[in-house]
Engineer: 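Handing you this structure, nothing more for now.
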Amino acid sequence: MNKKSHKGRVFSGVQPTGDLHLGNYLGAVKQFVDLQNQAYETIYCLVDLHAITVWQDPKALRKATRELAATFLACGLNPEQSILFNQSQVASHTEMGWLFNCVARMGWLNRMTQFKDKAGKNKENASVGLFSYPTLMAADILTYHATHVPVGDDQKQHLELTRDIAIKFNNDFTQYGFFPIPEPIIQGAGTRIMSLRDGTKKMSKSDTSEFSRISLTDSAEAIAKKIQKAKTDPLNLPDNIQALEGRPEAKNLLNIYAALKNTSLNKVVEETKGTSFRNFKSKLTDLAVETLSPISNEINNLLNDTNHIDTVLRIGSEKAKNIATPIVESAYEIVGLLSTKK
Ligand code: TYM
């Protein structure tokens, strides 16, 4: 680990499958930037191999990968401070992924709710990759001996599985803990941002309604319109958090405001008590536009120079390989594979 890492090594990933939305930003990328600016070593990955667990148009995937890289940079990730790269450039992920396919149990994967949600009724027709997706995710994390993983709330179960895989590998093959057991970092008001059309449903890229989410590339007008149309309830904003029970839309909009403002839900409830949705929505619009407009402008600037983006990813992947390769080699040796790599 390098000088910056005395608090530990952070790893996280995002799928390059279209524009990031406010949930991805507040639940994940904003945390990535905060951690980069603390005493952690930080590694952030564009998980293109995870993206292809459902069919992607090849041209669109390439474009989305560069767009995600531009988004990372525009949000404040700095290639001098963090390792930024795409997963497919570092073979260690799939090599470790295979070992973990042999460690994880069918029963563990059968319990994954995200597979059930994504495969839906058509489970028989889902790719094998979609089913074993969490073992590759465990490989992403453990191949770097990462100690901390910042994610949104929806990834909690996958992180528990990652911990189970690390524990089983350590017990099955070693007298000592070869893999550190990584800690999830799921914190703040943005860990579960809900749809603007339905406060009981997660904000998601796959929702058919554009009005359910704010994208990081939305114009100021689009942001204003989406917030204006966001579902509410007939009451004014309450004076305590308990009164938000049963008011999912109010809670969601207040959480979004708190996460954008880097403060707690408690403080926002105090600030907005008794306010009408009309007035609150106008405050929220100003804050969202002020935060997101510079990001979307910077994404567009960066996309004018895709060579620069490709260079950032290539350099990042070299740095990633330097960490990952010896760890995979040790893991191969530990399980008894005759490695020719040495
Ligand atoms: P992905 O690409 O679906 O989402 C990227 C990140 O955004 C978070 N997120 C949300 N947070 C708050 N509210 C929401 N509505 C919301 N929607 C998404 C996700 O929790 C995630 O942190 N499996 C992962 C990618 C991955 C990964 C990894 C993450 C692959 N390997 C290793 C961590 C470590 C995924 O599909 O995220």
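Throughout, numbering of the chain's residues begins at 1 and tracks the sequence. Atoms within each ligand, like the ligands themselves, are counted from 1 in listed order.
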Engineer: Step by step, work out the side-chain contact (heavy atoms from CB on, under 4.5 Å) result for Arg213 and Leu196.
Structural biologist: CA-CA 6 Å; Arg213 63 183 165 266; Leu196 299 179; over 6 Å; no
Engineer: Might you list the protein residues in contact with ligand 1, defined as having a heavy atom under 4.0 Å from one of its atoms, sorted by chain and number?
Structural biologist: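 Around ligand 1, where the cutoff is 4.0 Å for heavy atoms, the contacting residues are Phe11, Ser12, Gly13, Val14, Gln15, His21, Gly23, Asn24, Gly27, Ala28, Val47, His50, Tyr133, Met137, Asp140, Ile141, Val149, Val151, Gly152, Asp154, Gln155, Gly190, Thr191, Arg192, Ile193, Lys202, Met203.
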Engineer: Could you check whether Phe85 and Phe72 have their ring centres less than 6.0 Å apart?
Structural biologist: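 Centroid distance Phe72-Phe85: not below 6.0 Å, so no.
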Engineer: Sequence neighbours left out, what passes ring-ring contact (aromatic ring centres under 6.0 Å, His included) with Phe277? Give chain and number order.
Structural biologist: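 For Phe277 there are no ring-ring contact (aromatic ring centres under 6.0 Å, His included) partners, ignoring immediate neighbours.
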Engineer: State, with a plain yes or no, whether a side-chain heavy atom of His158 is found less than 4.5 Å away from one of Met137.
Structural biologist: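 Of all side-chain heavy-atom pairs linking Met137 with His158, at least one is under 4.5 Å.
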Engineer: Throw together a table of side-chain donor-acceptor distances under 3.5 angstrom for residues 111-119, partners on residues two or more places apart or in other chains.
Structural biologist:
unit_1 : atom_1 : unit_2 : atom_2 : d
Thr113 : OG1    : Gln157 : OE1    : 3.1

Engineer: Can I get a per-line list of side-chain donor-acceptor pairs under 3.5 Å for residues 254-262, giving both atom names and the distance, sequence neighbours left out?
Structural biologist:
unit_1 : atom_1 : unit_2 : atom_2 : d
Tyr257 : OH     : Glu271 : OE2    : 2.9
Lys261 : NZ     : Glu271 : OE1    : 3.0
Asn262 : OD1    : Lys30  : NZ     : 2.6

